Structures are given as C-alpha cells and as structure tokens.
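Keep in mind the model is a prediction, meaning the values are calculated, not measured. In what follows, chains carry the letters A, B, and so on, assigned in the order in which the sequence lines appear, proteins first and then strands, with residues in each chain numbered from 1.
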There are 2 protein chains.
Amino acid sequence: MAENKLQESIATLKKAGVRITPQRHAVLDYLLNSMTHPTADDIYKALEGKFPNMSVATVYNNLRVLKEVGLVRELTYGDSSSRFDCNTSEHYHIICEKCNKIEDFHYPSLDEVEKLAAQVTGYDVSHHRLEVYGICQECQQLDKEKQ
Amino acid sequence: MAENKLQESIATLKKAGVRITPQRHAVLDYLLNSMTHPTADDIYKALEGKFPNMSVATVYNNLRVLKEVGLVRELTYGDSSSRFDCNTSEHYHIICEKCNKIEDFHYPSLDEVEKLAAQVTGYDVSHHRLEVYGICQECQQLDKEKQ
DNA sequence: CTCACTGCAAAACGTTTGCACTAGG
DNA sequence: CCTAGTGCAAACGTTTTGCAGTGAG
C-alpha cells in the first residue's frame, strides 16, 4: 500500500519536472510512513542517521517543493513550529491540549458550511479547515491516577 | 456596548488578581475595538503614539496574561505571526487567500461534530476551530478587472 | 510597602536566503 | 552537459527571557 503511494507520488513529482534526489525521496518516504504529523525538525532528526550531512535547509526546501506539487500539507497550530502531513485523503484533526498529540479522525465533509459561508460573505470559497481540541485518553488516565 | 465589554473584562481581570496597568488597559481596549485581527506588532505600532516607550515585550506579556484569563484567543495561520482576537462570542473566520483579510462569520455551532469526534476518539473534547478559505469580493472584483 | 509589571537588550527559535559545489536527468 | 538541488552559514522576523527599576493596589 505504502509502496504504491510512494510510486504514485514519485510519478507526480516526475511529471512536474522535479528531480528525485536521495534526500527528497527520504523525506517523502518518511512522511508517507509516519502516522504522526512531524515538524521539519522531526524529519531532520529522523533522517540524520541516513544522511549525516544533510542540512535543515534541505528539509525545508523539499517540504516546500512537495507542498507546491500538492503532495504535502502544512499544518500550523498554536505551538511554534509547523507540522507536515501527507495530503492523502480528506480528514480532520483532533489535538490533545496536554501532550500536543495530533490524531486523524474522519467526518463527512462539511460542504453545507462552505456553501453557507459563501452565501453570507460573498467569498469564492475554496476549502476549509477544522480542528477539534480536547484531552486524549492517555492524558485523561494520567490525570485520574494523580488524584 | 464596547464600554460594557471593557468594564466586564476589567472586572474579570481584577477577579483573577491581575493589575490594570495603563499599557494593559490600552492593549485590551485596542483589541476590543478593532474589527481586524491584529498581530502583536500591529498592536505595538498602534499604541506607539500613546506609549512612546512601551516595549514589544510588554505587548506580548499582556497578550499572554489576557489569554490565560480567557479574554483573548491566539490564532495561528500559515503566515509567520500570530493574530489575536477577543474571545467575545462564538464565531468562525473566513480568510481571503489573496489579501489575507480575516472576517468573522456566524454559523450555528457544530456541536454534533464535537460529539462525534469525542465518540470516535475517546477524547474529552473542549472546543473546536473552523476556518473557511476563499477569495473575498474585492479581490474577485480586482481579478475581473485585470482580464 | 510590596510584588506584579514594565522597559530594554540580548537570546532563542523556526525558517529563509545567498552562494559555491554537486549530481540528477 | 546544464540546471535543479545540496550543504553550510549567516540573516531574518517573531517571540521569549533576564534583570534592574517602577508604579498599582
């Protein structure tokens, strides 16, 4: 499955005239296989072993390229650094306010909201973003144990 | 109306044991009366006239305090700097992808989404955040004129 | 009077940029 | 080949911090 995705993504890159460098391949591969939503620095650290002298700039450059081609989404939340996510299927995020974990969850796309927003504001709507915040099960458990 | 809000907010601060300094008062006042969603720097610049030697740090400190008390929300978008918004009534934001304007719009709160998210993920949900992206009417107009 | 808050400067942080070098196609 | 991409370091803009001095309650 992940293999297919990778081949598919590489095909997209080639079609866009983007070169497949080992570093770029590794960044893409890491993002496709990571269930977490890593920061640029996470990716940098994760690939440090394979590419001892890769620079952070390269990670950022590649993330920008992958974003431009539409393979990757950049998520900006309250905390200082951006997180990156493979733009696979439509899904929303739920974020733990204690441990900052980000998990995916599925919900039928809120088309009516987009429609109503367009009507009320006169905007030409392109997309929307929704996040739910709360405390994850593990953190709830930890809280209980403390008391 | 805005006066009431200000008195109310000050009462909240006092109850929380927070001192009402002139700078703090000004930041709060500015946020309450601004329809835009200013960055810390916007606020700093706006109050420069009244407080020639107020430092940026003070703006940030005050925004943090106001956030902690729950009077102010911090919004982070793609662009580098955070924006601040008075946590008055529940509302959503619609953002122009051309000129980066942020406008408020009202929509019945998506309680079902929160409920479903809680069920699916087991989170103890506290709130959610929704933004709609598109092109505002002015920018649509400008685009038409260009063609 | 006292302690929370201010102002200033310096530092931290994530991200971007300029440039010479390298390697993918 | 030739140009896109790399690595490095320095630069950038936003936010935070440490500390001495100040003023709100």
Side-chain angles (χ1 to χ4, degrees), chain A residues 9-30 37-69 71-84 100, chain B residues 9-30 37-69 71-84 100:
Chain A
S9 304
I10 289 175
T12 309
L13 286 172
K14 279 191 177 158
K15 207 159 69 182
V18 175
R19 290 187 187 164
I20 317 297
T21 65
Q23 292 88 337
R24 186 161 294 160
H25 189 284
V27 169
L28 183 57
D29 191 46
Y30 181 76
H37 301 74
T39 62
D41 202 55
D42 290 338
I43 301 170
Y44 174 60
K45 289 213 179 80
L47 301 182
E48 220 168 22
K50 234 186 277 181
F51 299 91
N53 40 5
M54 179 170 64
S55 69
V56 224
T58 299
V59 175
Y60 278 104
N61 286 339
N62 284 322
L63 287 171
R64 182 172 35 73
V65 170
L66 294 174
K67 243 170 42 188
E68 280 165 8
V69 183
L71 288 173
V72 163
R73 262 198 297 179
E74 182 173 0
L75 309 169
T76 54
Y77 300 109
D79 53 347
S80 42
S81 44
S82 287
R83 295 171 169 279
F84 297 87
N100 292 317
Chain B
S9 303
I10 289 175
T12 309
L13 286 172
K14 278 191 177 156
K15 208 159 68 182
V18 175
R19 291 188 185 161
I20 317 296
T21 66
Q23 294 88 336
R24 186 161 294 161
H25 189 283
V27 169
L28 182 58
D29 190 46
Y30 181 75
H37 301 73
T39 62
D41 200 55
D42 290 339
I43 301 172
Y44 174 60
K45 290 212 178 81
L47 301 182
E48 221 167 23
K50 233 185 278 179
F51 300 90
N53 40 5
M54 180 170 62
S55 69
V56 225
T58 299
V59 175
Y60 278 104
N61 286 338
N62 284 323
L63 288 171
R64 182 172 36 74
V65 171
L66 295 173
K67 244 169 42 186
E68 280 164 8
V69 183
L71 288 173
V72 163
R73 263 195 297 178
E74 181 174 359
L75 306 169
T76 54
Y77 299 108
D79 53 346
S80 42
S81 43
S82 286
R83 297 172 166 279
F84 296 87
N100 291 316

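The phosphate of D:dT15 (OP1 or OP2) has a side-chain N or O of B:Tyr60 nearer than 4.0 angstrom. A:Thr58 has a side-chain polar atom (N or O) that falls below the 4.0 Å cut-off from OP1 or OP2 of D:dG7. Taking side-chain N and O atoms only, A:Arg24 has a distance below 4.0 Å to OP1 or OP2 of D:dT6. Applying the 4.0 Å criterion to OP1 and OP2 of D:dG23, one finds that B:Gln23 has every side-chain N and O outside that range. Of the side-chain N and O atoms in A:Ser82, one or more sit less than 4.0 angstrom from OP1 or OP2 of C:dT15.
Tested against B:Asn62 for a side-chain hydrogen bond (donor to acceptor under 3.5 Å, both in side chains), the candidates B:His25, B:Gln23, B:Arg24 yield a single pass: B:Arg24.
Taking 3.5 Å as the limit, the base of C:dC3 and the side chain of B:Arg19 contain a donor-acceptor pair of atoms between them.
A:Asn62 comes within 4.0 angstrom of sugar-phosphate atoms only, judged by non-hydrogen atoms across all strands, and of no base. Residue contacts shown for A:Val18 are limited to sugar-phosphate atoms, with no base heavy atom under 4.0 Å away.
Note: CG (B:Leu13) to P (D:dG25) measures 11 Å, nearest angstrom. Rounded to whole Å, the distance from OH on B:Tyr44 to P on D:dG13 is 15 Å. Here the C1' atom of nucleotide D:dG23 and the CE atom of B:Met54 are 16 Å apart, to the nearest Å. Residue A:Phe51 contributes atom CZ, which lies 8 Å from atom P of D:dG7 at whole-angstrom precision. Across the protein-nucleic acid pair, B:Glu74 atom CD and D:dT16 atom P stand 7 Å apart, rounded to whole Å. Nucleotide D:dG5 holds its P atom 14 Å from the CG atom of A:Leu28, rounded to whole Å. Counting to the nearest Å, the P atom of C:dG24 and the NZ atom of A:Lys14 are 13 Å from each other. For the pair B:Leu66 CG and C:dC5 P, the computed distance is 11 Å after rounding to whole Å.
Looking at the side chain of A:Ala40, the nearest of the listed nucleotides D:dG7, C:dT15, C:dC5 is C:dT15. In this structure, of D:dT6, D:dT15, D:dC8, it is D:dC8 that holds the atom nearest to the side chain of A:Ala57. Of the listed nucleotides (D:dG5, D:dT15, C:dG14), D:dG5 has the atom at the smallest distance from the side chain of A:Thr21. Of the candidates C:dG7, C:dT17, D:dT15, C:dT17 carries the atom nearest the A:Asn61 side chain, counting heavy atoms from C-beta on. Out of C:dG14, D:dC8, C:dG7, the shortest distance to the side chain of A:Ser80 is found at C:dG14.
Heavy-atom contacts from other residues, nucleotides or ligands closer than 6.0 Å to NZ of B:Lys67 number more than 12.
In terms of heavy atoms, A:Ala26 sits closest to A:Phe51 at CB-CE1, 3.5 Å. Listed here is the closest heavy atom pair of A:Met54 and A:Tyr44: O-CE1, 3.2 Å.
Under 3.5 Å, the side chains of A:Asn61 and A:Thr58 contain no donor-acceptor pair of N or O atoms.
Proximity of a side-chain donor or acceptor of B:Thr76 to a complementary backbone N or O of A:Tyr77 within less than 3.5 Å is detected.
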